[in-house]
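These numbers come from a predicted model, not from an experiment. The analysis underlying the following values was restricted to heavy atoms, covering all of them including side chains, and did not include hydrogens, waters or symmetry mates.
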Amino acid sequence: MDARDQVMFVLQVVMALGPIALYFLGLGLVNSQSRPFLISARRDFTLLASAFIPLILVPAIGLVRQGHAWLAGLSVLLVASLFVVMLPGRRATWVIYNVSAGQLRRVFERVCRRNGWRSRCADGEWLIEPAGLKLMIHRVSWLRNATIEIHPVSPEGPDRMEPFLGGLAQELERESMLPSPTGASLVVIGAALLGLPMWYLFHHMDLIVHVVRRFLFA
């Protein structure tokens with residue numbers, strides 16, 4: 001492996017692991033806050049994809065270097081198409097991080113009381129009347145997060161989504177808790193993943209500078 005190949009390998013390691021490490025660090029910091037964190041599922045999915053898509057781009061770069069540009073382009077096109085298909089809607093799905101099942105139940109009940117609505121829960125689904133909204137909850141217990149799908153089930157439903165989301169955001173601001181072990185664990189994982197590419201980068205810095213200098217003054 002010559003100097004240029006070593007530099008490419010180092011840059012590929014940084015490109016592949018760096019975004020994933022930053023994602024886990026951010027996730028850990030969010031789960032270490034004293035309050036829950038509300039984010040649209042569309043933005044959450046975009047951040048997740050931004051962290052893991054480089055794992056696809058690194059092999060694509062390798063294919064281009066080997067003279068298979070068409071195959072690299074096809075793989076990138078397939079990944080982009082999959083991203084568009086899986087991208088959640090703008091207002092229908094939301095994710096709450098750093099929240100327990102009991103907290104989520106209390107928050108929903110307070111939102112309903114402040115708007116004069118009734119609520120009942122069964123099998124992870126909440127029916128809110130007379131707002132005409134059905135909430136489907138999907139929890140990931142070890143991450144302390146919950147994905148909420150909001151479905152209007154009456155003509156009044158679409159007009160009640162905005163008041164519900166506004167009340168949800170306000171009630172989440174009132175919640176308070178101690179930092180969770182999950183957040184600390186994710187921060188450690190992110191720091192460890194970030195340390196490896198940074199070690200590669202600084203360990204081979206002289207080689208990178210040498211290759212860049214040869215490229216610029218060739």
Side-chain angles (χ1 to χ4, degrees), residues 1-31 37-97 136 138-140 142-149 182-183 185-218:
M1 181 182 293
D2 60 18
R4 183 169 297 182
D5 290 335
Q6 291 184 41
V7 170
M8 287 300 300
F9 175 74
V10 171
L11 294 179
Q12 286 174 353
V13 170
V14 173
M15 183 186 298
L17 293 183
I20 297 177
L22 293 176
Y23 177 78
F24 275 101
L25 274 174
L27 198 60
L29 293 174
V30 166
N31 279 281
F37 180 76
L38 178 67
I39 185 174
S40 70
R42 188 182 185 92
R43 185 174 299 177
D44 182 68
F45 179 77
T46 301
L47 292 172
L48 177 64
S50 300
F52 285 91
I53 280 179
L55 288 176
I56 307 298
L57 296 180
V58 168
I61 294 173
L63 289 173
V64 172
R65 294 184 64 203
Q66 295 173 11
H68 303 294
W70 66 273
L71 189 57
L74 180 61
S75 64
V76 171
L77 181 61
L78 288 174
V79 171
S81 302
L82 185 62
F83 172 81
V84 172
V85 170
M86 296 180 64
L87 189 65
R90 292 185 180 275
R91 301 292 292 175
T93 310
W94 295 78
V95 180
I96 303 177
Y97 282 100
M136 300 181 64
H138 308 282
R139 285 188 49 79
V140 182
W142 68 276
L143 275 179
R144 288 175 56 84
N145 74 356
T147 301
I148 305 172
E149 297 180 19
T182 300
S185 301
L186 291 171
V187 169
V188 171
I189 293 173
L193 288 174
L194 188 61
L196 180 59
M198 290 300 99
W199 179 86
Y200 265 102
L201 186 63
F202 289 113
H203 186 70
H204 296 84
M205 185 59 67
D206 292 341
L207 183 60
I208 294 173
V209 172
H210 174 68
V211 171
V212 172
R213 184 177 298 169
R214 286 180 53 191
F215 176 78
L216 292 177
F217 297 101

Would you compute the distance between atom [atom1] of [X] and atom [atom2] of [Y] and round it to the nearest 0.5 angstrom?
X	Y	atom1	atom2	value
Trp70	Leu74	CH2	CG	7.0 Å
Tyr23	Leu48	OH	CG	4.5 Å
Arg144	Leu27	CZ	CG	12.5 Å
Ile39	Asn145	CD1	CG	11.0 Å
Leu25	Ile189	CG	CD1	10.0 Å
Leu47	Leu22	CG	CG	11.5 Å

Do [X] and [Y] touch side chain to side chain, with heavy atoms closer than 4.5 Å?
X	Y	result
Leu87	Arg42	yes
Leu194	Phe24	no
Asp44	Thr147	no
Val79	Ser75	no

Side chain Arg139, main chain Ala146, donor-acceptor under 3.5 Å: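 No.
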Residue pair Pro54 / Ala16: nearest heavy atoms and the distance that separates them: CB-CA, 4.5 Å
Mind listing the closest non-hydrogen atom pair of Gly190 and Ala21 along with its distance? O-CB, 3.5 Å
Indicate the ring-plane relationship of Phe37 and Tyr97, choosing parallel, tilted or perpendicular according to the 30° and 60° boundaries. tilted
